[in-house]
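Each remark here refers to the structure printed beneath this line.
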Amino acid sequence: MPPCCMAGLLKALDAVFAPVFDTLQHGAPSELRPSQRADFQVNGALALAKSLGRAPRELASEILEAAKARGLMQLCEEVEVAGPGFINLTLSPAFLRSGLQSLAVGARLGIEKAETPLRVVVDYASPNAAKQMHVGHLRSAIIGDAIVRLLEAVGHEVVRENHVGDWGAPFGMLIEHLLDLGELEAAHELAVGDLESFYQAARAQYDGDPAFGERARARVVLLQAGDPETLKLWEALVQRSVSHFDEAFRRLGIKLTRDDVVGESFYNPLLPGVVADLAKAGLLEESEGAMCAFPPGFTNRDGNPLPLIVQNSAGGYTYATTDLAAIRDRVDRLRANLLVYVVGLPQAQHFQMVFATARLAGWLPPDALAVHVGFGSILGPDGKMFRTRQGGTVKLAELLDEAVERARSLLLARAGGGSGAEAGTAEAGTGAEAGTAEAGTAGAGAGGAGAGGAGGASAQVEVEAIAGAVGIGAVKYADLSNDRARDYRFDWDRMLSFDGNTAPYIQYANARVCSILRRAASAGGEEPAGEEAAGEEAAGEEAAGEEAAGEEAAGEEAAGEEAAGEEPGGPSAAELRERFLRPQLLLAPSEAEERELAKRLLGFPDAVAASIETYSPHKLCAYLFDLATTFTNFYERCPVLRAPSEETRSSRLALSALAGAILETGLSLLGIAAPERM
RNA sequence: GCGCUCGUAGCUCAAUGGACCAGAGCAUCUGACUACGGAUCAGAAGGUUGGGGGUUCGAAUCCCUCCGAGCGCGCCA
């Protein structure tokens with residue numbers, strides 16, 4: 001857990017209250033919270049009153065007065081002591097306005113860098129080589145990737161590691177099977193067929209043919225002995241797997257490539273040292289022929305100390321040994337001071353034991369932290385482990401195919417339904433370049449899905465791109481929006497619904513923003529009001545953009561949208577936002593819906609910080625859903641293009657642009673694309 | 001048997017020890033429209049937060065206990 005970070009509105013308010021509390025009692029927290037009764041409430045007075053033995057309401061009044069002396073009323077228009085000793089705060093429009101303006105400057109959207117940037121290794125995805133990726137790998141990959149993006153956004157230095165299972169007994173049989181087929185035939189088999197069938201065939205041989213089993217076991221020995229010919233074959237198998245992973249991650253829009261693969265085999269040379277050094281430190285005992293560490297606090301079913309086996313009775317190393325070696329490598333060689341493991345919850349005890357042992361051995365120094373970010377299972381509609389109707393594992397590739405296919409039919413059904421026929425006719429023709437086509441997840445900037453019959457080939461390309469963004473986004477969001485510790489139910493209809501807490505709903509809200517900005521750009525005058533003053537701002541904006549992690553994350557490979565945005569037919573969303581999102585255009589919110597929207601927009605940094613603090617992407621999801629809902633509400637009640645005055649129009653356009661920027665950036669932090677049209 | 005995770009509206013899920021209404025979204029019922037993309041908005045109804053104790057000014061949240069679900073508990077990873 002990175003040090004508690006506060007940002008945005010909370011930070012501004014806490015800057016006033018923290019010194020007041022600190023004066024009364026050193027280190028006493030203000031306990032600032034968003035409130036349903038006002039904008040924020042200060043709860044700390046109650047706890048402090050108790051520890052000081054004073055009357056809570058009286059103390060609250062005193063705190064409030066002290067806060068006023070520190071300029072509280074520059075931020076709030078209304079404050080009160082209420083109930084047993086709460087302090088309720090209602091923000092002033094002027095403060096909201098200045099907050100919005102600072103969000104609008106630069107591209108960071110209020111996301112602050114961590115005060116102490118860490119060097120973090122995030123271990124995630126971790127499929128097994130020589131096996132097809134399946135639904136079981138989905139959560140680690142999706143959650144891990146979001147965590148990587150979030151950590152990077154606040155300035156941590158992240159090393160991604162894909163700890164693939166590329167070593168061990170299965171390779172004996174795989175290599176023998178490969179030899180039986182003949183290398184050429186095997187190469188062909190691996191190229192056309194899927195890995196799974198190759199693995200199954202080898203497995204069948206192994207189970208059915210004792211002689212084959214013997215050869216397989218002998219081959220494992222050769223492999224571990226470093227026999228060159230065997231290693232060559234092993235390498236070929238692993239490479240084939242890695243290509244398969246690359247393809248899967250690319251489709252998913254996940255920032256893992258073959259460069260991030262650090263398989264189990266990588267640690268082989270380090271394993272003897274792990275055991276030797278543990279022994280040297282007096283941490284090993286022989287038990288039933290195996291070398292074990294017994295970290296305190298763990299017991300087995302008989303109440304006896306539970307062993308962490310680092311060398312089995314046959315002399316072989318276990319995955320505990322590998323995990324210990326990995327800790328040493330990450331701390332020593334990679335200089336990491338935070339290790340994050342995105343691995344299923346059933347492994348919780350294993351990691352506790354490994355971490356405890358690493359601490360005892362001094363491999364995890366006091367200033368380094370290891371965290372197991374666990375997650376629950378994906379359940380099928382029946383509430384049991386998600387499987388195919390036949391009871392087999394659901395292959396990842398097929399799952400993604402279905403996601404895109406379902407999204408496509410929904411999009412086409414809507415286009416046929418006739419509501420959005422007008423949208424995008426202007427630029428549909430020359431829309432996205434063909435390059436985006438095979439990028440299944442490409443999305444932003446693809447145009448004209450609503451153009452219905454207008455389509456030539458390029459319109460189809462665009463539909464494909466949007467279907468990819470929506471389909472893949474829906475799968476990822478469904479996973480991320482649930483508390484990771486809980487199991488969640490996989491439900492196509494729900495995740496692809498345009499209503500509710502789903503990716504399509506949020507993407508749609510963003511697409512609407514894009515639509516407004518496009519209209520504003522093409523119809524109502526060339527430039528927004530206040531154009532003169534805007535010029536000066538541009539320079540500062542670019543300077544700020546230089547170190548803008550938020551924007552980087554958005555623009556980068558967030559689900560493969562790089563080819564987007566360069567639409568010849570019209571300016572990209574980013575360009576439009578730059579044009580309309582100028583700080584000096586923002587007025588103090590006057591309408592209730594403007595005020596609500598402003599508050600939500602300002603809450604973005606806090607939402608990001610909260611997500612990072614507990615490694616819980618679902619908090620950011622909840623925020624984005626709330627923002628999308630609030631924006632829609634605003635959009636419903638406060639005419640933008642037909643605003644009563646030019647100033648109001650410009651201000652609302654800027655508000656909309658800001659909402660779009662946050663929606664897109666927020667989605668990108670989750671690894672989800674934000675199409676400009678849907 | 002021990003340990004871990006979990007149990008919240010009919011369903012799927014939220015809720016950093018905080019306030020008289022425990023929130024959303026589906027689904028259900030009522031309303032709103034020449035609509036800046038209706039893939040919309042407003043309202044209603046729906047809960048003794050699995051049961052029971054306890055700590056606290058204050059508990060869905062912390063402690064104990066019982067019930068229920070899932071997963072771990074020595075040579076697979």
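Here is how names work: the chains are called A, B, and so on, in the same order as the sequence lines, proteins then strands, and each is numbered from 1. No experiment lies behind these values; they were computed from the predicted model shown. We use all heavy atoms of the structure for the numbers below, so side chains are in, but hydrogens, waters and symmetry mates are not.
- To the nearest whole angstrom, the two C1' atoms, one in C2(B) and one in A14(B), are 33 Å apart.
- Note on ring orientation: taking the six-membered ring where Trp is involved, the planes of Phe490(A) and Phe386(A) are parallel (angle under 30°, cut-offs 30° and 60°).
- The side chain of Pro307(A) lies closest to G74(B), out of C36(B), A19(B), G74(B).
- No contact: Leu410(A) has no heavy atom under 4.0 Å from any strand.
- In terms of heavy-atom proximity, Glu593(A) sits nearest to Cys638(A) at CB-SG, 3.9 Å.
- Between C57(B) and Lys50(A), a contact under 4.0 Å exists linking OP1 or OP2 to a side-chain N or O.
- Asp493(A) places its CG atom 11 Å from the P atom of A27(B), with the value rounded to the nearest Å.
- Atom-to-atom, CZ of Arg57(A) to C1' of C57(B) comes out at 14 Å; the value is rounded to the nearest Å.
- A donor-acceptor contact shorter than 3.5 Å links the side chain of Arg649(A) to the backbone of Leu641(A).
- Here Asp323(A) lies out of heavy-atom contact (under 4.0 Å) with every strand.
- Residue contacts for Ala320(A): at a heavy-atom cut-off of 4.0 Å it reaches no nucleic acid atom on any strand shown.
- Thr629(A) comes within contact range of no nucleotide atom at all, as no heavy-atom separation falls under 4.0 Å.
- Looking at heavy atoms from C-beta onward, Tyr341(A) lies out of side-chain contact with Val371(A) at the 4.5 angstrom threshold.
- Only the P atoms considered, G50(B) is 6 Å distant from U8(B), to the nearest whole Å.
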Inset, instruction - Produce a footprint string for nucleotides 4-13 of chain B: one letter per nucleotide, 5' end first; B if the base is under 4.0 Å from any protein heavy atom, S if only the sugar-phosphate is, - if neither. - result: -SSSB---SS
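- Protein atom OH of Tyr319(A) is 11 Å distant from nucleotide atom C1' of C75(B), rounded to whole Å.
- Among the atoms of the strands shown, only primed sugar atoms or phosphate atoms (P, OP1, OP2) are found under 4.0 Å from some heavy atom of Thr632(A).
- Residue Ala47(A) is classed as a base contact, given a heavy-atom separation below 4.0 Å to a base.
- Protein atom CG of Asn268(A) is 11 Å distant from nucleotide atom P of A77(B), rounded to whole Å.
- In this model, the phosphate group of A42(B) is approached by a side-chain N or O of Asn633(A) to a distance below 4.0 Å at OP1 or OP2.
- At a threshold of 4.0 angstrom between heavy atoms, the contacts of Phe375(A) with the nucleic acid are absent.
- Residue Ala643(A) is out of contact with every strand shown, counting any heavy-atom pair closer than 4.0 Å.
- Taking atom CZ of Phe351(A) as the reference point, atom C1' of A77(B) lies 10 Å away to the nearest angstrom.
- Here Asp491(A) lies out of heavy-atom contact (under 4.0 Å) with every strand.
- Note: Ile143(A) CD1 to Ser616(A) OG = 9.5 Å, rounded to the nearest 0.5 Å.
- Using a 4.0 Å heavy-atom cutoff across all strands shown, Cys621(A) reaches no nucleic acid atom at all.
- In this structure the side chain of Ser650(A) reaches within 4.5 angstrom of the side chain of Glu646(A), judged on heavy atoms.
- A straight line from CD1 of Ile506(A) to P of G25(B) spans 13 Å, rounded to a whole angstrom.
- Across all strands shown, Pro34(A) has heavy atoms under 4.0 Å from base atoms, whether or not it also approaches the sugar-phosphate.
- Ring-plane geometry between Phe634(A) and Phe631(A) is classed as tilted, the angle between the planes lying from 30 to 60 degrees on a 0 to 90 degree scale.
- Taking atom C1' on both nucleotides, G17(B) is separated from G1(B) by 34 Å, rounded to a whole Å.
- A side chain to side chain contact (heavy atoms under 4.5 Å, CB included) with Phe604(A) is found for one member of Leu620(A), Leu9(A), Leu658(A) and no other, namely Leu620(A).
- Of the candidates C73(B), C36(B), A19(B), the closest approach to any side-chain atom of Pro84(A) belongs to A19(B).
- Using a 4.0 Å heavy-atom cutoff across all strands shown, Pro639(A) reaches at least one base atom of the nucleic acid.
- If you take atom P in G23(B) and the same atom in G3(B), they sit 36 Å apart, rounded to whole Å.
- Applying the ring pair (Phe, Tyr, Trp, His ring centres under 6.0 Å) rule to Tyr477(A) yields no partners; only residues at least two apart in sequence or on another chain are considered.
- With hydrogens and angles left out, the side chain of Gln41(A) and the base of A19(B) share a donor-acceptor pair within 3.5 Å.
- Between Asn300(A) and Ser515(A), the residue whose closest nucleotide on RNA chain B is further toward the 5' end is Ser515(A).
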Legend entry - Nucleotide-level pairing of RNA chain B, given in dot-bracket where Watson-Crick and G-U pairs need both distances under 3.5 Å and | marks other strands: (((((((..((((.........)))).(((((.......))))).....(((((.......))))))))))))....
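- Listed candidates were C36(B), U40(B), C76(B). Nearest to the side chain of Asp499(A) is U40(B).
- Taking a centre distance below 5.5 Å and an interplanar angle below 30 degrees as the stacking criterion, Phe86(A) stacks against the six-membered base ring of A19(B).
- Counting only heavy atoms from C-beta outward, the side chains of Val220(A) and Gln224(A) approach each other to under 4.5 Å.
- At A15(B), one or more side-chain N or O atoms of His618(A) fall inside 4.0 Å of OP1 or OP2 (strictly under the cut-off).
- Ser287(A) has its side chain within reach of Cys292(A): a pair of non-hydrogen atoms, C-beta onward, lies under 4.5 Å apart.
- Put simply, Arg33(A) has no side-chain N or O that comes within less than 4.0 Å of OP1 or OP2 on U16(B).
- Side-chain atoms of Asn633(A) and Glu596(A), non-hydrogen and from C-beta on, never get closer than 4.5 Å to each other.
- Straight-line distance between the C1' atoms of C57(B) and G18(B): roughly 10 Å, to the nearest whole Å.
- When rounded to the nearest whole Å, the span between CG of Leu306(A) and C1' of C75(B) equals 12 Å.
- In the set G74(B), C57(B), G38(B), the nucleotide with an atom closest to the side chain of Ser287(A) is G74(B).
- At a threshold of 4.5 Å between non-hydrogen side-chain atoms, the residues Tyr267(A) and His163(A) count as touching.
- Taking atom C1' on both nucleotides, G68(B) is separated from U49(B) by 16 Å, rounded to a whole Å.
- Residue-level contact check: Phe625(A) touches the backbone only, with heavy atoms under 4.0 Å from sugar-phosphate atoms and none from bases.
- With G1(B), G25(B), U40(B) as the candidates, the nucleotide lying closest to the side chain of Glu636(A) is U40(B).
- With the nearest nucleotide of RNA chain B identified for both Ile87(A) and Leu641(A), Ile87(A) has the one nearer the 5' end.
- Among the heavy atoms of the strands lying under 4.0 Å from Glu288(A) is at least one base atom, whether or not backbone atoms are also near.
- The nearest whole Å value for the distance from the OH atom in Tyr477(A) to the P atom in A14(B) is 12 Å.
- On the C1' atoms, A45(B) is 31 Å away from G52(B), given to the nearest whole Å.
- Comparing C2(B), C26(B), G74(B) by their closest approach to the side chain of Ile309(A) singles out G74(B).
- No hydrogens or angles considered: a donor-acceptor pair under 3.5 Å links the side chains of His350(A) and Tyr319(A).
- Interface remark: the Ser313(A) side chain does form a donor-acceptor pair with the C75(B) base, using a distance-only criterion of under 3.5 Å.
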